[in-house]
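Note that these values count all heavy atoms, side chains included, but never hydrogens, waters or copies made by symmetry. For clarity, every value in this text was computed on a predicted model and none was experimentally measured.
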Amino acid sequence: MALIVQKFGGSSVADAARVANVANIVTDTYKAGNSVIVVVSAQGDTTDDLIAKAKEINPNASKREMDMLLCAGEQISVALLAMAIQKLGYPVVSLLGWQAGFKTNSTYGSARIKKIDTERLSAEVDKRNIVIVAGFQGVNKYQDVTTLGRGGSDTSAVAIAAALKADKCQIYTDVDGVYTADPRKVKNAKKMSEISYDEMLELATLGAQVLNNRSVEMAKKYNVELEVLSSLTRVPGTIVKEVTTMEKMLIRGVAKDTDVARISILKVPNNPGIAFKIFDLLAKKKINVDIILQSVGRDQTKDITFTVAKDSGDAVVEILSNSGILTPEQIVCDTNVAKVSVVGAGMETHPGTAATMFEALYDNNINIQMISTSEIKLSVLIDIVDADRAVSAVHEAFFSAE
Ligand code: ADP
Ligand code: ASP
Ligand code: MG
């Protein structure tokens with residue numbers, strides 16, 4: 001008898017018909033003789049709607065209270081799915097994150113799982129219950145509920161699969177696998193039968209939200225093989241694992257991230273220590289900085305430009321304005337930017353990647369503001385209005401010849 005973990009995202013449980021569809025998938029798996037643990041997300045746009053509700057009441061609500069609110073979305077889903085499974089006549093129990101043993105740290109809004117106490121989960125499985133677990137949530141040492149960050153239900157599923165050494169971890173969503181670019185935006189995007197953890201991790205981190213990046217990190221760490229597949233069409237999906245048998249492709253995929261703000265610091269003295277002072281202040285406030293660019297002017301001054309997550313933009317401006325080393329006029333924050341990236345393990349040994357990408361952008365008259373590279377990725381920062389066009393153009397440049 002195999003233990004199978006199945007995760008269903010928000011669109012897979014968006015309404016009564018979708019919940020009934022998921023109940024069928026789950027009970028088919030159970031009927032075949034497997035033990036099944038199911039992780040579900042909040043229905044449809046519930047999490048966004050709850051965030052909007054909170055903003056109406058208090059845009060500066062504490063993260064603890066936000067987590068208290070957002071946990072409710074997944075609570076609704078687990079109960080409804082359990083009811084649909086009861087209707088089909090199968091034994092089932094729904095559990096919130098804390099009941100399922102999810103112990104997290106206390107970083108409300110993006111808590112990390114410290115461990116899962118698996119007694120309850122194992123006991124329910126041993127009773128032959130189908131277990132439905134609320135994704136995206138846990139409890140901290142103060143007995144307060146926490147959430148794992150947007151898209152966190154993927155991580156909940158992988159964490160259970162790792163803790164219980166499940167035989168399979170299936171991530172059901174509204175597309176039938178991982179594609180070379182978002183299949184909703186790029187019509188020629190191709191489905192991959194397999195992708196390595198490292199490439200998937202880069203794609204997820206650079207904006208392909210089909211899998212949450214922390215879930216891929218955890219899958220790699222505990223060697224949990226993932227299958228990404230559709231809850232609506234029963235066709236094989238994409239396998240995410242350590243080594244793929246696919247030939248080492250130059251580029252595996254193209255991703256877009258619009259959750260970016262560009263901060264420019266203008267005309268600071270060209271002396272040692274300025275960069276240190278600025279980035280030390282930000283580090284102390286736990287603000288993650290991504291691409292950094294410094295350019296030296298002719299008049300003994302320099303400009304420093306860097307990117308942060310969009311919702312950190314205002315905080316960065318405030319921290320730097322109050323730093324005593326910069327005047328408000330020296331700090332510019334632009335949130336109308338997007339990062340477009342190509343990812344592929346083959347890039348390491350192939351010098352032409354940058355030229356191909358830049359040519360595609362040039363041909364489409366898209367201006368590059370910043371560039372960043374690593375062994376297996378190449379990213380450019382551009383104007384947000386050009387983002388979808390850029391993804392299509394770059395995708396076309398790398399994949400049209402195949
Ligand atoms: P869920 O609610 O199931 O967690 P998400 O909306 O988080 O689903 O992720 C699925 C979405 O990810 C798809 O609808 C698709 O538009 C988007 N996506 C972005 N990049 C990719 C990609 N490279 N391959 C597949 N889907 C992608
Ligand atoms: N409901 C949460 C979100 O919308 C978690 C998830 O869907 O994975 O981010
Ligand atoms: Mg998701």
Side-chain angles (χ1 to χ4, degrees), residues 154 171 175-217 219-221 223 225-228 236-260 290-291 307 338-364 366 368 370-382 386-402:
D154 297 337
I171 309 290
V175 289
D176 62 3
V178 180
Y179 280 70
T180 50
D182 186 340
R184 296 186 187 287
K185 295 275 168 59
V186 177
K187 62 178 186 309
N188 297 327
K190 294 181 178 64
K191 186 165 128 186
M192 299 174 233
S193 55
E194 297 177 346
I195 182 168
S196 69
Y197 291 127
D198 286 338
E199 289 171 312
M200 189 64 238
L201 184 57
E202 286 289 354
L203 277 179
T205 305
L206 294 167
Q209 97 253 34
V210 62
L211 278 177
N212 172 282
N213 59 348
R214 278 195 191 170
S215 74
V216 183
E217 210 169 61
K220 180 179 160 74
K221 184 165 172 199
N223 205 18
E225 197 171 294
L226 304 178
E227 184 179 8
V228 178
T238 301
I239 305 287
V240 188
K241 58 183 188 175
E242 185 63 56
V243 186
T244 70
T245 50
M246 282 175 87
E247 65 183 293
K248 211 175 181 188
M249 300 239 311
L250 171 59
I251 292 300
R252 189 67 85 204
V254 185
K256 172 188 85 168
D257 186 0
T258 52
D259 179 23
V260 191
D290 185 21
I291 312 174
T307 62
K339 188 164 70 172
V340 171
S341 312
V342 293
V343 171
M347 273 169 58
E348 223 174 340
T349 48
H350 209 288
T353 316
T356 305
M357 183 178 192
F358 300 161
E359 185 182 16
L361 296 170
Y362 168 64
D363 285 346
N364 286 273
I366 296 169
I368 300 171
M370 297 171 90
I371 299 169
S372 125
T373 63
S374 80
E375 280 112 346
I376 68 164
K377 70 135 207 261
L378 173 59
S379 303
V380 294
L381 195 80
I382 58 175
D386 295 327
D388 285 337
R389 240 165 21 93
V391 172
S392 290
V394 172
H395 187 272
E396 179 76 16
F398 285 102
F399 292 98
S400 67
E402 283 169 36

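Distance alone, capped at 3.5 Å, places no donor-acceptor pair between the N364 side chain and the I366 backbone. Between the side chain of S392 and the backbone N or O of R389, no donor-acceptor pair lies under 3.5 Å.
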- prompt: Given the rule in the side-chain contact (heavy atoms from CB on, under 4.5 Å) test, do V228 and V210 qualify, once you have shown the distances and angles that lead to the verdict?
  reply: CA-CA 8 Å; V228 178; V210 62; 3.9 Å; yes
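Among all heavy-atom pairs drawn from A397 and A360, the shortest one is CB-CB, 3.9 Å. D154 and I171 get closest at one heavy-atom pair: OD1-CG2, 3.8 Å. Closest heavy-atom contact between A387 and I382: CA-CD1, 3.9 Å. In this structure, N188 and E396 approach most closely via the heavy-atom pair ND2-OE1, 3.8 Å. Residue F399 comes nearest to K190 through the heavy atom pair O-NZ, 3.5 Å, listed as atom of the first residue, atom of the second, then distance. The minimum heavy-atom distance linking M192 with T238 is given by the pair O-OG1, 2.6 Å.
Residues M200 and L226 fail the side-chain proximity criterion, which asks for heavy atoms closer than 4.5 Å. Using a 4.5 Å heavy-atom cutoff, the side chains of S379 and I371 are not in contact. For the pair R184 and V175, the minimum side-chain heavy-atom distance is below 4.5 Å. Counting only heavy atoms from C-beta outward, the side chains of K339 and I291 approach each other to under 4.5 Å. Looking only at side-chain heavy atoms (C-beta outward), L378 and M357 come within less than 4.5 Å of each other. In this structure the side chain of V380 reaches within 4.5 angstrom of the side chain of F358, judged on heavy atoms. Looking only at side-chain heavy atoms (C-beta outward), V216 and L201 come within less than 4.5 Å of each other. Counting heavy atoms from C-beta outward, I368 and Y362 have side chains that stay 4.5 Å or more apart.
Under 3.5 Å, the side chains of E202 and T205 contain no donor-acceptor pair of N or O atoms.
Distance CG/N212 to CD/E217: 9.0 Å, rounded to 0.5 Å. Taking OG1 of T356 as the start and CE of M347 as the end, the distance is 10.5 Å to the nearest 0.5 Å. Taken to the nearest 0.5 Å, the CD atom of E225 stands 14.0 Å off from the NZ atom of K220. Distance check: D198 CG to R252 CZ gives 11.5 Å after rounding to the nearest 0.5 Å. Expressed to the nearest 0.5 Å, how far OG of S196 lies from NZ of K241 amounts to 11.0 Å. A distance of 12.5 Å separates NZ in K377 from CD1 in I251, rounded to the nearest 0.5 Å.
Among the candidates V342, V343, V186, the single residue satisfying the side chain to side chain contact (heavy atoms under 4.5 Å, CB included) test with V254 is V342.
The neighbour count for K191 NZ, taken as heavy atoms of other residues, nucleotides or ligands under 6.0 Å away, is above 12.
In terms of the salt bridge (Lys or Arg N to Asp or Glu O under 4.0 Å) criterion, D363 has no residue partners (sequence neighbours excluded).
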